[in-house]
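Lettering follows sequence order; numbering is per chain, from 1.
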There are 2 protein chains.
Amino acid sequence: MKHKFIAVSRQFGSGGRTVGKEVAERLGIPCYDQELIEMLAQKSGFSEAYIKENSEDAVYTNLLSSIFSDRVYDTPITQDVLWEAQRKVILELAEKGPCVIVGRCADYILKENPECLRVYIHADAQKRAERIVQVYGEREDSPTKRIADKDKRRKAYYQKYTGEKWGDAENFHITLDSGELGIETCVDILKQLY
Amino acid sequence: MKHKFIAVSRQFGSGGRTVGKEVAERLGIPCYDQELIEMLAQKSGFSEAYIKENSEDAVYTNLLSSIFSDRVYDTPITQDVLWEAQRKVILELAEKGPCVIVGRCADYILKENPECLRVYIHADAQKRAERIVQVYGEREDSPTKRIADKDKRRKAYYQKYTGEKWGDAENFHITLDSGELGIETCVDILKQLY
């Protein structure tokens, strides 16, 4: 077993979270996704709600709001504190034992760890639009707009903290188009590679 | 069998050509790589030697030489003629029956074909440097320089003719790091996906 950890980065609506969870279940190892928020809260002292608002979504929002406002709340400094806590939590998880980690730039944070398999799950915009309506239901904004917004935010966040281009194949050991290949096939391949 | 064609794009030194050939062999279908040059010669009227010099490598060279010279040879127009011939040859191959096509932007040319599995093979610079010395031998230029040159040229060519970013995960159904996963594993996965 060369790989003990799987870091799954994913486009919003690609089903990457489901892929991560199913792979973990089939391998009998824990999957950290929302659980990371709780750990981050303990590590940083911020509330879970505050963390949810001030992680990846905030980089882009702050970029915009900094142009128009003098607010001192939600400053980039808060995000930097959260990033540092996130980095520590993920490095500590990698000390504990085999697991799957979804999102939170774990692919980048565990880049130097030779036991980490770095994965990116994506799909075309139409397939993702169908999926988010199915999973999260209808919202006021169209699914296409919700996807475009999330893409922009994740890209800005990833770029700010890793210095790398979001979605660049070279940053991953494997990238999979879940829309074309299907979620079950993605799970099969990753299980096999582990 | 959903996929009848596999288009393999690859970084220089990643072993992508070997992956393509082995997949084709194991599937019992033809693999087009150097054979495409011959077909292109028939289609375009140019000699094979001329085609080799004036395909992907030429875009970057011309970019530089156009700044310093007034030569009318090897103009972008020649490349455009070759690109058009290449496009036709690849589309015709896809009419004939199942196959693997290595390089030549086949991933882009067959993008709208739902039976084409689009693949990108890459590896880190060090692994590629080791491989090119092993496969092509030592040259005057260091392997690192040879890789950097080829990367620049392929990138410029791909960008010019497809308008897409070279190595972007979203352009492929699957991308694989052959340095991390090993060539045999890449072959296994692609055979399985076919």
Taking atom types as modelled, find out whether A:Arg131 and A:Thr18 have a side-chain donor-acceptor pair closer than 3.5 angstrom. yes

List for me each residue that meets salt bridge (charged side-chain N to carboxylate O under 4.0 Å, His left out) alongside A:Arg87, sequence neighbours excluded, and say none if there are none. A:Glu84

Rest of the hydrophobic cluster containing A:Ile132 (Ile/Leu/Val/Met/Phe/Trp/Tyr, side-chain heavy atoms under 4.5 Å)? A:Phe12, A:Val135, A:Tyr136, A:Ile147

With a 4.5 Å heavy-atom cut-off (strictly below), which parts of residues 19-40 of chain A touch chain B? List them by number. none

Which residues, numbered in order, of residues 164-190 of chain A come under 4.5 angstrom of chain B by heavy-atom distance? A:Lys165, A:Gly167, A:Asp168, A:Ala169, A:Glu170, A:Phe172, A:His173, A:Ile174, A:Thr175, A:Leu176, A:Asp177, A:Glu180, A:Leu181, A:Thr185, A:Ile189

So that I can tick it off, tell me whether B:Lys155 and B:Asp151 are bridged by a salt bridge, with the cut-off set at under 4.0 angstrom between side-chain N and carboxylate O. no

Parallel, tilted or perpendicular: rings of B:Trp83 and B:Tyr108 (30°, 60°): tilted

A:Gln42 side, atom CD; A:Glu48 side, atom CD - distance, nearest 0.5 Å: 8.5 Å

What residue among B:Pro98, B:Pro114, B:Cys116 forms side-chain contact (heavy atoms from CB on, under 4.5 Å) with B:Lys4? B:Pro98

What one should report as the nearest heavy-atom pair of B:Glu115 and B:Asn113 is N-OD1, 2.8 Å

If the threshold is 4.0 Å, N to carboxylate O, is there a salt bridge linking B:Asp107 and B:Arg10? no

